[in-house]
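Since the structure comes first, as structure tokens, the remarks are kept for the end.
Count residues from 1 along the sequence.
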Amino acid sequence: RMGFGQCIFCTVEKTNSQGDIKMQTNPQTSMGRFSRDPFSPQNPWLNKPKSSIPLPVVVGVLVLLMVVGIAMIQISKPEFKGEVPYRVLLRYSAIVTDAKGKYGGNGFLIDKKNKFLMTHFDCVKKGDFHIAYFPHHDQGVLETDLKKYYRDEKKFGIPGKVVYRNMEKDIAILELDRVPADMFDPILAGESPSTGADLFSLVNDWKLEVGTVRGLYYKEIGTPGEPERLFKGMVIETQTRSMGMGAPIINKEGKLIGMLSRFDHKKDLVGFEIDITEIRQSIDQFYTQIGYTKH
């Protein structure tokens with residue numbers, strides 16, 4: 001009789017007709033419901049059906065799911081849906097007033113090192129001295145009340161002098177006394193945007209303007225009592241009608257593609273804006289005049 005801790009295999013002696021003694025496994029032990037031998041064919045764990053899916057297929061499916069997951073994360077990012085272009089535009093956008101603090105329009109940096117700011121010709125056509133206000137954050141919160149900027153002109157206002165005017169292209173450039181350290185130059189697009197392209201702009205008291213390019217062509221702009229102006233522009237349609245002459249326009253890649261010029265008063269939410277090709281040519285012309293080559 002065997003108690004707790006008995007051997008897994010029980011053997012008995014058997015003598016054959018030649019008198020030889022052989023050892024064999026106890027039939028009663030090996031013929032039970034399943035053998036105590038973990039490697040026995042009767043062990044149910046060894047008889048479990050194997051997966052019919054090859055390992056490379058499983059790995060391939062996992063990799064595919066990972067790629068799809070990453071793609072969905074990228075799609076779900078707020079990239080150029082509002083938040084990102086707003087932050088980009090705040091890096092170089094400015095409000096421009098005359099020397100008396102009267103609102104003139106908008107502008108944007110083109111050369112932080114030399115303190116050059118580009119704006120619309122009409123924003124600075126009266127007088128040579130103007131004031132630029134860059135966005136200010138108070139404890140991480142953007143101050144959007146322009147009256148607070150104007151009341152504390154010595155703190156927020158930066159004097160500037162007009163150093164370039166091009167009425168035909170509706171473009172002017174100011175040289176500022178200084179530029180805030182947290183401002184940056186925009187990245188200029190290499191070519192005009194395509195029809196149907198999305199665009200973003202920052203107008204007036206730091207409001208985001210969103211629109212679409214409807215077409216590009218050269219157009220003469222007539223102003224009573226002034227010569228005709230001819231430049232290549234973008235016909236755009238926006239979601240609202242915010243007047244913001246001189247404000248920068250960027251595409252979904254965050255590159256500067258133009259400047260807000262003027263709305264068509266005969267058509268709702270439609271304007272004719274200055275194209276990036278005109279901006280680049282004006283910058284080159286200005287640098288040639290002052291004998292400066294930007295590296």
Kindly say whether [Y] contributes a backbone atom to a donor-acceptor pair with the side chain of [X] at under 3.5 angstrom?
X: Thr119; Y: Gly246; value: no
X: Tyr86; Y: Trp206; value: yes
X: Ser201; Y: Pro248; value: yes
X: Tyr150; Y: Lys102; value: no
X: Asp98; Y: Gly101; value: yes
X: Lys112; Y: Met183; value: yes
X: Arg280; Y: Ala189; value: yes
X: Glu273; Y: Gly233; value: no

I'd like to know if the side chain of [X] pairs up with that of [Y] as donor and acceptor (distance under 3.5 Å, no hydrogens or angles considered).
X: Thr97; Y: His130; result: no
X: Asp205; Y: Thr144; result: no
X: Tyr292; Y: Asn114; result: yes
X: Asp111; Y: Tyr287; result: yes

* Tell me whether Leu142 is reachable from Leu202 by hopping between hydrophobic residues (I, L, V, M, F, W, Y) whose side-chain heavy atoms are closer than 4.5 Å. => yes

* **same_hphob_cluster(Val179, Phe129) at 4.5 Å side-chain heavy-atom cutoff** => no

* **Candidate pair Phe116 and Leu176, rule side-chain contact (heavy atoms from CB on, under 4.5 Å), full reasoning** => CA-CA 6 Å; Phe116 294 142; Leu176 305 178; over 6 Å; no

Going by heavy atoms in the side chains, are [X] and [Y] under 4.5 Å from each other?
X: Asn106; Y: Leu260; result: no
X: Ile249; Y: Leu256; result: no
X: Leu89; Y: Leu208; result: yes
X: Ile171; Y: Phe121; result: no

When rounded to the nearest 0.5 angstrom, what distance separates [atom1] in [X] from [atom2] in [Y]?
X: Leu188; Y: Ile283; atom1: CG; atom2: CD1; answer: 5.5 Å
X: Phe108; Y: Ile279; atom1: CZ; atom2: CD1; answer: 4.5 Å
X: Phe134; Y: Arg91; atom1: CZ; atom2: CZ; answer: 13.5 Å
X: Ser261; Y: His120; atom1: OG; atom2: NE2; answer: 3.0 Å
X: Leu174; Y: Leu109; atom1: CG; atom2: CG; answer: 10.5 Å
X: Met245; Y: Asn204; atom1: CE; atom2: CG; answer: 10.5 Å

* Near Ile187 CD1, under 6.0 Å, is it more than 12 heavy atoms from other residues, nucleotides or ligands? -> no

On a heavy-atom basis, which atom in [X] and which in [Y] lie closest, and how many Å separate them?
X: Ala94; Y: Leu117; value: CB-CD1, 3.7 Å
X: Ile274; Y: Met234; value: O-CE, 3.8 Å
X: Leu216; Y: Ser194; value: CD1-C, 4.4 Å
X: Gly107; Y: Val96; value: N-CG2, 4.1 Å
X: Gly254; Y: Val88; value: O-CG1, 4.1 Å
X: Val203; Y: Ala247; value: CG1-CB, 4.0 Å

Please report, to 0.1 Å, the donor-acceptor pairs under 3.5 Å made by any side chain of residues 160-168, with sequence neighbours excluded.
unit_1, atom_1, unit_2, atom_2, d
Tyr164, OH, Asn166, ND2, 3.0
Tyr164, OH, Gln285, OE1, 2.5
Arg165, NH1, Asp128, OD1, 3.1
Arg165, NH2, Val124, O, 2.8
Arg165, NH2, Gly127, O, 2.7
Arg165, NH2, Asp128, OD1, 3.3
Asn166, OD1, Glu168, N, 3.3
Asn166, OD1, Lys169, N, 3.2
Asn166, ND2, Gln285, OE1, 3.4

* **Derivation of the side-chain contact (heavy atoms from CB on, under 4.5 Å) call for Val84 and Arg87** => CA-CA 5 Å; Val84 175; Arg87 293 200 304 265; 3.8 Å; yes

* What's the verdict on side-chain contact (heavy atoms from CB on, under 4.5 Å) for Val235 and Thr195, showing C-alpha distance, side-chain angles and the deciding distance? -> CA-CA 9 Å; Val235 178; Thr195 300; over 6 Å; no

* Asked: Is there a salt bridge (Lys or Arg N to Asp or Glu O under 4.0 Å) between Lys232 and Glu278 once you walk through the steps?
  -> CA-CA 7 Å; Lys232 182 180 182 181; Glu278 302 288 5; over 6 Å; no

* To do: Would you list the pairs meeting salt bridge (charged side-chain N to carboxylate O under 4.0 Å, His left out) in which at least one residue belongs to residues 134-149, sequence neighbours left out?
  => Glu143-Lys148

* Any chance you could lay out the ring-ring contact (aromatic ring centres under 6.0 Å, His included) test for Phe272 and Phe231, step after step, and finish with the verdict? => CA-CA 10 Å; Phe272 188 70; Phe231 58 86; 5.5 Å; yes

* To do: Determine, stepwise, if the pair Tyr149 / Phe156 fulfils ring-ring contact (aromatic ring centres under 6.0 Å, His included).
  => CA-CA 6 Å; Tyr149 288 83; Phe156 300 112; 5.2 Å; yes

* **Step-by-step side-chain contact (heavy atoms from CB on, under 4.5 Å) determination, Ile276 to Glu191** => CA-CA 7 Å; Ile276 184 61; Glu191 57 185 6; over 6 Å; no

* Asked: Out of Ile236, Ile250, Asn251, which residue meets the side chain to side chain contact (heavy atoms under 4.5 Å, CB included) rule with Leu199?
  -> Ile236

